[in-house]
Amino acid sequence: MRAMDPSRSALLDLTLVEAANAIATGAVTSVALTEAALDAFEIWNPSINATIWLDREEALEKATALDRKRAAGETLGPLHGVPLAHKDMYYQTGKLSTCGSKIRANFKPDVTATVIDRLHSAGSITLGGLNMAEFAQNPTGHNTHFGDCHNPWKRDYCTGGSSSGSGAAVSARCVTAALGSDTGGSIRLPAGICGVTGIKATQGRVSRYGVMPLSHSCDNVGPLARTARDCARVLSVIAGPDPRDPTALADPPPDYETALTGDIRGLKVGVPTNYYLEGINEEVQAAFDAALASMKDLGATIISVELPLMDTISTYGNILSRCESVTIHSDWLRTRPQDYSVHVGSRNFPSAAIPASYYLEALSRRGPILRTFAKEVFSKVDVFASPTIRTKVPTLDATRMDTGKPENIKAFSAVSLNTRPANYLGLPAISTPCGFDSDGLPIGLMIHGRPLGEARILRVADAYQKATEWHKRRPKPTV
């Protein structure tokens, strides 16, 4: 394995905000950062398989042009010259967008996603498309068509999914941030499992135009990055109304970075007495308890809270995502069934038999359930906390669904138990590292907020990161 030039390696330790600031002041160039990122992918990819495609030549051309703009004194965007890469389901005109699938292995859209347009307008560079679960349909990082994504901390272990390449690439310091998508935890799971930070905003806060859908009712777009501040900067760029997406919320978002005061004194943090901690692993529980103690030391008040209707929320959320997925894929399921992996096919075909009345019931009860949840929970606490996953990070072999083994199905299903409820409820939630288990794999802390409460959960995560060092750890390349 080729070693990286030490000067370039140092650049990879910069957070997104640090990198943008360094470019703005002229301390580093976009070309230098882009070369370092591309070199990092070259070093890491043989072991983690984080990318589906990269465009080195175009990325360096854009970096050179952006450096010229800075030198000429032109106004710079908040992400000027920062190289990023994104889950390979974000459309860019004329660029490959495989969605991690055989069916779209050669698909090149004629539109560009709103969020990509906004990132480019802010000055960022897109290096390429990152590996992902096929059509975003698993929480582990397996992919039959492009190869499994591997955890940078230990390659035999899951990355989390479906934004597997995004979590792995940010964790390995190949890029400072990457877009993922979250329908049942697919931003927060790879963030928690790979030891980075990832946020799912309130349903509709970020446009989904030009993004391959999975479930219209539960899909969300958002960043994975090194820190809460990095996530805040990216979210401030991509969030907001979009005339091309009628489901995007009409209200403009705040500047999320201004909310990061580091002060959570007096904040009421709820700890669920049901659901989220059921069957929790002892090491995960210990890390979670330590995180709560840190927040208490920062002045937060820790309050036990019972969450209503959790079984109902889980059932209805599953019905929504399954029914909407099979509808989106209906033509391909009829004409190209052989081109789906065993797992994705077996998930979608039975979903066609779910009665329409079940789907309509799940959809119609969503608002009343959210109102009940908000009344019974957010009248008592400002946010509530949980582990991102209840178990230690599982291996890829232990969660390989194509085997059909009952123990694999159980381990696979357990991964997303804690993340799915926020998608049915439409609540914002963020995952941040809070420790490592005895196998050397990360443990994630998840903070949930009330609708449109992104600024508050970012403030909590940022304050916690200011008081701890977990998010600063980085894995080492392995052959």
Side-chain angles (χ1 to χ4, degrees), residues 136 139 160-163 167 180-193 197-206 208 214-224 228 231 235 239 247 249 269-272 274-278 288 305-321 324 362-363 365-378 381-390 413-432 444-458 460-461:
S162 59
S163 310
S181 69
D182 195 312
T183 306
S186 291
I187 290 170
R188 293 160 290 149
L189 288 170
I193 290 172
T197 308
I199 186 169
K200 179 199 97 64
T202 304
Q203 189 75 31
R205 177 49 95 185
V206 182
R208 300 174 294 180
L214 170 58
S215 167
H216 298 295
S217 297
C218 299
D219 288 346
N220 294 267
V221 168
L224 296 91
C231 284
L235 193 59
T247 69
L249 300 177
V269 177
V271 178
N274 59 316
Y275 187 79
Y276 284 91
L277 303 179
E278 292 172 4
F288 179 59
V305 60
E306 184 174 357
L307 307 180
L309 303 170
M310 291 307 299
D311 289 341
T312 302
I313 289 166
S314 296
T315 299
Y316 281 157
N318 188 47
I319 290 171
L320 278 190
S321 64
E324 291 179 350
L363 199 60
R365 300 283 173 83
R366 195 179 190 191
I369 287 172
L370 174 59
R371 285 193 289 273
T372 297
F373 192 94
K375 180 180 179 181
E376 295 189 20
V377 176
F378 293 118
V381 298
D382 298 305
V383 300
F384 70 91
S386 76
T388 306
I389 65 172
R390 303 176 193 179
S413 301
V415 171
S416 59
L417 286 173
N418 279 9
T419 53
R420 287 188 173 277
N423 293 84
Y424 180 73
L425 293 169
L427 300 177
I430 188 169
S431 178
T432 182
L445 166 70
M446 192 158 53
I447 307 295
H448 307 74
R450 65 185 70 208
L452 303 180
E454 293 85 14
R456 180 172 285 164
I457 62 172
L458 282 162
V460 175

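Keep in mind that this is a model prediction, so the values were computed, not measured.
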Applying side chain to side chain contact (heavy atoms under 4.5 Å, CB included), run through V206 and N220 and close with a yes or a no. CA-CA 7 Å; V206 182; N220 294 267; over 6 Å; no
Flag the pair L425 / I313 as yes when at least one side-chain heavy-atom distance between them is below 4.5 Å, and no otherwise. yes
Rounded at 0.5 Å granularity, tell me how far CZ in R188 sits from CD1 in I193. 12.0 Å
Without hydrogens or angle criteria, can the side chains of T388 and S431 be said to hold a donor-acceptor pair below 3.5 Å? yes
Distance under 6.0 Å and angle within 45° of ring axis: R390 vs F288: no
Atom pair OG1/CD1 of T432 and I199 - distance to nearest 0.5 Å: 11.0 Å
Using modelled atom types and a 3.5 Å cut-off, is there a donor and acceptor pairing between side-chain atoms of N418 and backbone atoms of P387? yes
Separation between CG (D382) and CD1 (I457), nearest 0.5 Å, reads 12.5 Å
Check the pair L417, Y275 against side chain to side chain contact (heavy atoms under 4.5 Å, CB included), reporting the backbone distance first and the verdict last. CA-CA 9 Å; L417 286 173; Y275 187 79; 4.2 Å; yes
So do Y276 and V271 actually touch side chain to side chain, heavy atoms under 4.5 Å? no
Full working for side chain to side chain contact (heavy atoms under 4.5 Å, CB included) between I369 and T312: CA-CA 9 Å; I369 287 172; T312 302; 3.8 Å; yes
What's the shortest heavy-atom distance between G185 and D182, and which atoms? N-OD1, 2.7 Å
Let me confirm one number: the OG-CG distance from S217 to L363, rounded to the nearest 0.5 Å. 5.0 Å
If you define the side chain from C-beta out and look only at heavy atoms, does anything of R366 sit under 4.5 Å from Q203? yes
Decide yes or no for P428 and L452: does some side-chain heavy atom of the first lie under 4.5 Å from some side-chain heavy atom of the second? no
Between L309 and F373, is the side chain to side chain contact (heavy atoms under 4.5 Å, CB included) condition met? List the steps. CA-CA 8 Å; L309 303 170; F373 192 94; over 6 Å; no
Spatial distance of atom CG (N423) from atom NZ (K200) [nearest 0.5 Å]: 5.0 Å
Evaluate the side-chain proximity of L189 to S163: yes if any heavy-atom separation is below 4.5 Å, no if none is. no
Counting distance only, does the side-chain N/O of E324 pair as donor-acceptor with the main-chain N or O of H216 below 3.5 Å? yes
State the OG-CG distance between S162 and L214, to the nearest 0.5 angstrom. 7.5 Å
Checking side chain to side chain contact (heavy atoms under 4.5 Å, CB included) between V383 and each of R450, R456, H448, which is the one that passes? R456
Taking every heavy atom of A461 against every heavy atom of I430, the minimum-distance pair comes out as CB-CD1, 3.9 Å
